[in-house]
Amino acid sequence: MNIRITAASVDCVSSAPVILDPNTAHPWLLLSDDLTSVRHSAYQPVPDNPERFDHRFCVLGSEGFNSGTHCWDVEVKQSRYWSIGVTTASNQRKGGVFFNTGVWCVWYDPLGRSPGSGFGVKQHLDRVRVNLDYDRGTVSFSDPVTNTHLHTFTTSFTHTLLPFFWTIDPSSSLRILSINSQ
C-alpha cells in the first residue's frame with residue numbers, strides 16, 4: 001500500500017477493501033449483501049455464537065491485522081450516532097464492556113454522549129478515513145472530504161486488530177467506501 005502523509009491528514013493512494021463479518025453483527029444490525037454497509041434495523045434471528053455482539057450495536061471487519069499499514073473510508077453522513085475504529089480481536093463482545101479496553105476510535109453524537117472511549121468528533125461529517133499503521137503503533141482518523149486531521153492514537157499493538165463499526169439510531173447506516181471512488 002502506498003501512503004502519502006500530509007500535515008493535515010493521511011491520504012491513501014491504494015488499499016484493500018474492508019468487508020464486514022456477519023458472524024459478529026449484533027442482532028439489531030442488518031448488513032448489505034456485499035458486506036460493505038450496515039444499518040440499524042429490526043431484530044434479526046441469528047445464532048448467539050461467541051463472536052457475536054449481544055449488547056453493543058457493533059459489527060467487526062472480517063480480516064484482522066498483525067502488521068503493516070491499512071486504510072479505509074467510511075461514509076457516516078447517513079448516521080446521527082456512530083463510532084468507528086479498531087479493536088483487539090480478543091476484546092469482549094458479550095455484555096456492555098466492549099468500549100472499556102482495547103478500542104481506538106472516533107465517535108459522533110450530537111448530544112455529546114460517549115459510547116465509553118475514544119475521541120468525540122464535534123461536527124457532523126460525510127466521511128471518515130481510518131489509517132492503521134500497526135508497526136508504528138498509530139491509528140489516525142481524518143476527514144477525506146476536507147483533508148482535515150481528526151485524531152491520532154499512539155500505542156504499541158501486540159494483538160490482532162479488527163476494524164469495528166457501531167451505530168445505534170434506527171435511521172442510521174454506515175458504508176465502507178472504496179478509497180478510489182472519491
Side-chain angles (χ1 to χ4, degrees), residues 9-10 12 15-44 46 51-65 70-89 91 93 96 98-99 102-132 139-146 148-151 153 161-182:
S9 68
V10 177
C12 296
S15 66
V18 170
I19 303 298
L20 301 172
D21 181 353
N23 293 320
T24 65
H26 186 281
W28 286 80
L29 297 179
L30 182 63
L31 306 184
S32 63
D33 290 340
D34 66 359
L35 303 177
T36 61
S37 67
V38 56
R39 69 180 175 90
H40 194 278
S41 182
Y43 177 83
Q44 309 292 311
V46 292
E51 60 270 21
R52 186 175 311 283
F53 286 92
D54 69 351
H55 183 78
R56 297 293 188 164
F57 294 96
C58 294
V59 61
L60 300 176
S62 61
E63 180 183 352
F65 305 118
H70 310 275
C71 185
W72 58 95
D73 282 4
V74 182
E75 184 180 75
V76 296
K77 68 181 176 183
Q78 299 298 322
S79 185
R80 293 190 300 174
Y81 311 97
W82 53 264
S83 181
I84 58 172
V86 295
T87 186
T88 58
N91 196 351
R93 300 174 200 171
F98 172 74
F99 284 100
V103 174
W104 299 268
C105 64
V106 293
W107 54 270
Y108 177 74
D109 181 331
L111 302 176
R113 300 169 298 187
S114 168
S117 67
F119 178 79
V121 175
K122 303 292 184 218
Q123 69 278 18
H124 190 273
L125 301 171
D126 286 347
R127 296 178 181 171
V128 174
R129 179 164 293 163
V130 182
N131 182 279
L132 168 65
V139 183
S140 296
F141 300 90
S142 61
D143 177 350
V145 175
T146 63
T148 304
H149 176 263
L150 300 171
H151 190 75
F153 294 94
L161 298 178
L162 293 164
F164 88 89
F165 309 84
W166 172 87
T167 184
I168 193 169
D169 184 61
S171 62
S172 292
S173 66
L174 302 172
R175 185 167 59 113
I176 303 163
L177 301 172
S178 168
I179 297 294
N180 300 329
S181 70
Q182 307 202 24

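The chain is numbered in sequence order, starting from 1.
- Every side chain to side chain donor-acceptor pair (under 3.5 Å) that Ser32 has, sequence neighbours left out, goes to Asp34, Ser37.
- Aromatic ring centroids of His151 and Phe141 lie 6.0 Å or more apart.
- Checking Thr24 against Asp21 by side-chain atom types alone, no donor-acceptor pair falls below 3.5 Å.
- Closest of all the heavy-atom pairs between Cys105 and Ser117 is SG-O, 3.6 Å.
- Across every non-hydrogen atom of Asn91 and Phe98, the tightest pair is ND2-O, 3.0 Å.
- Residue Phe164 forms a ring-ring contact (aromatic ring centres under 6.0 Å, His included) with just one option from Phe53, Phe99, Trp104, and that option is Phe99.
- Heavy atoms only, all atoms of each residue included: Arg113 and Tyr81 are closest at NH2-CE2, 3.2 Å.
- Residues Phe119 and Leu150 share a closest heavy-atom pair of CE2-O, 3.4 Å.
- Listed here is the closest heavy atom pair of Glu75 and Leu177: CB-CD1, 3.9 Å.
- When the side-chain contact (heavy atoms from CB on, under 4.5 Å) test is applied to His55, no partner is found at least two apart in sequence or on another chain.
- Between Phe65 and Trp72, the two ring planes are parallel [angle under 30°; tilted spans 30° to 60°].
- Heavy atoms only, all atoms of each residue included: Gly61 and Val18 are closest at CA-CG1, 4.4 Å.
- Looking at Arg39 and Leu30, their side chains come closer than 4.5 Å, going by heavy atoms from C-beta outward.
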